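What follows is a short report on a single structure.
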Amino acid sequence: MAKGYKIAVLPGDGTGPEVIAEGCKVLDAAAQKFGFKLERHVYDLGGKRYLRTGETVSDATLAELKTFDAIYLGAIGDPSIKPGILEKGVLLRLRFELDQYVNLRPAKLYPGVKSPLAGKRPEDIDYTIIRENCGGLYTGMGGISRKGTKDACAVQNMVYTYGQVARCMRYAFEYARKHGKKSRGIGPRNTLAMVLKTNVLTYMADLWNEVFEEIGAEYPDVTREYYHVDATCLYMVNSPEMFDVIVTENMFGDIITDLAAATQGGLGVAAGGNINPDGVSMFEPIGGTAPMWTGKNAINPIAAIGAGAMLLRALGEEPAGNAVEAAIAKTTPKMKSQLANEMGFTTTQVGDLVAETL
Ligand code: IPM
Ligand code: MN
């Protein structure tokens, strides 16, 4: 009997449903070609549901989501809802409750895609950022006193436990060992660069350095490097070819992965995974809901399709994931641009192209 997987699909808001539809088209083509079954269940989480019911995610839905093999998410957000409600209520809640402690974001320049970095080729921008995804400033600890007065005082704490750092670090070393540039046959060694700000965040430095050295000692085949986060931004623009695998804390990771996305041609191509290696992982295009392009069949679905490729790999269907990735790399050179409305194709046509190539 063919292998089967249960996927929870969360199309979300704005252009989310449009890009996820193309992603599902490609996933179905991959399932057919590689001989496995995908059983999809759609959940209407997001802004529209919140406005209708006042509910972000119910405990019952959360419990259901925990029974799936993976989650495929479009985008969540609504300009009419106060910032923070949906982010904390849906996206971050899912990440925390499902303990998706790694955010995996490949920075990959596909063939034919124009990078804003002059002269950079696909082989120059080909690295992966591993962002700790549950702790740090996102823990939500702090407070404000004398709010609304001129004496107001706000505190937002960056919090990490040894265990949180260690499990993310182990994932990063394993990833660098398996998927580093040497393992992929494109470089002399596998490298893991830790990115932090040890000259200022000295307490975090003590903890992260200790874990980096301790776990790193178990991986003599992975070269360790360290860069400050500000310098990293500069290198990501000037010399992206120096990076292989990067590991960093949550907020720094949030910021540098947007920069990485820009260098790889924008949010239309950038995919990411919220990973719990022992639980349910969630894959998403990292762009937002793009309200101005909603319903126009103009948004770029490549990022969503790329997230689908990551989802397949996480299910253990590596050849299928790699084939989807290869089909993307054959499609991008045919596109005029990766920007919405300038692709030379509609959203659905790009999905068709990738599915047919596959
Ligand atoms: C991301 C987003 C989220 C984050 C927001 C929407 C809470 O920017 O996935 O990078 O900060 O992680
Ligand atoms: Mn972000």
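Note that the structure is a prediction, hence the values are computed from the model and not measured. As the structure lists them, so they are numbered: ligands from 1, and atoms in each ligand from 1.
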Measure from every N or O atom of ligand 1 to the protein's N or O atoms and keep only the pairs below 3.5 Å, writing each with atom names and distance to 0.1 Å.
| unit_1 | atom_1 | unit_2 | atom_2 | d |
| --- | --- | --- | --- | --- |
| ligand 1 | 8 (O) | D254 | OD1 | 3.3 |
| ligand 1 | 9 (O) | R95 | NH2 | 2.7 |
| ligand 1 | 9 (O) | R105 | NH2 | 2.9 |
| ligand 1 | 10 (O) | R105 | NH1 | 3.3 |
| ligand 1 | 10 (O) | R105 | NH2 | 3.1 |
| ligand 1 | 10 (O) | R131 | NH1 | 3.3 |
| ligand 1 | 10 (O) | D254 | OD1 | 2.9 |
| ligand 1 | 11 (O) | Y138 | OH | 2.5 |
| ligand 1 | 12 (O) | R95 | NH1 | 2.7 |
| ligand 1 | 12 (O) | R131 | NH1 | 3.3 |
| ligand 1 | 12 (O) | R131 | NH2 | 2.8 |

More than 12 heavy atoms from other groups under 6.0 Å of NZ on K336:
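It does not: K336 NZ has 12 such atoms or fewer within range.
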
Do the ring planes of H179 and Y175 sit parallel (below 30°), tilted (30 to 60°) or perpendicular (above 60°)?
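If you compare the ring of H179 with that of Y175, the planes turn out tilted.
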
Quick one: sort the F173 and Y219 rings into parallel, tilted or perpendicular, breaks at 30° and 60°.
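Ring orientation, 0 to 90° scale: parallel.
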
Locate the shortest heavy-atom distance separating P333 from A329; write the atom from each residue and the value.
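P333 and A329 have their closest heavy atoms at CD-O, 3.1 Å.
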
F68 ring centre to K6 NZ or CZ under 6.0 Å, with the angle to the axis within 45°?
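Flagged: K6 positioned over aromatic ring of F68.
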
Using side chain to side chain contact (heavy atoms under 4.5 Å, CB included), reason through W208 and M169 one step at a time and then give a plain yes or no.
CA-CA 9 Å; W208 283 72; M169 200 61 87; 3.8 Å; yes

Quick test of your reading of the model: are D28 and K33 salt-bridged, counting only N-O distances below 4.0 Å?
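Salt bridge: no.
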
In terms of hydrophobic clusters joined by side-chain contacts under 4.5 Å, are L73 and I20 together?
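No; I20 is not reachable from L73 via cluster members.
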
Given side chain to side chain contact (heavy atoms under 4.5 Å, CB included), test E249 with L201 step by step and report yes or no.
CA-CA 12 Å; E249 71 86 37; L201 305 181; 6.0 Å; no

Distance criterion under 2.8 Å: protein N/O/S atoms around the Mn ion (ligand 2):
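Those protein atoms number 1 in total.
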
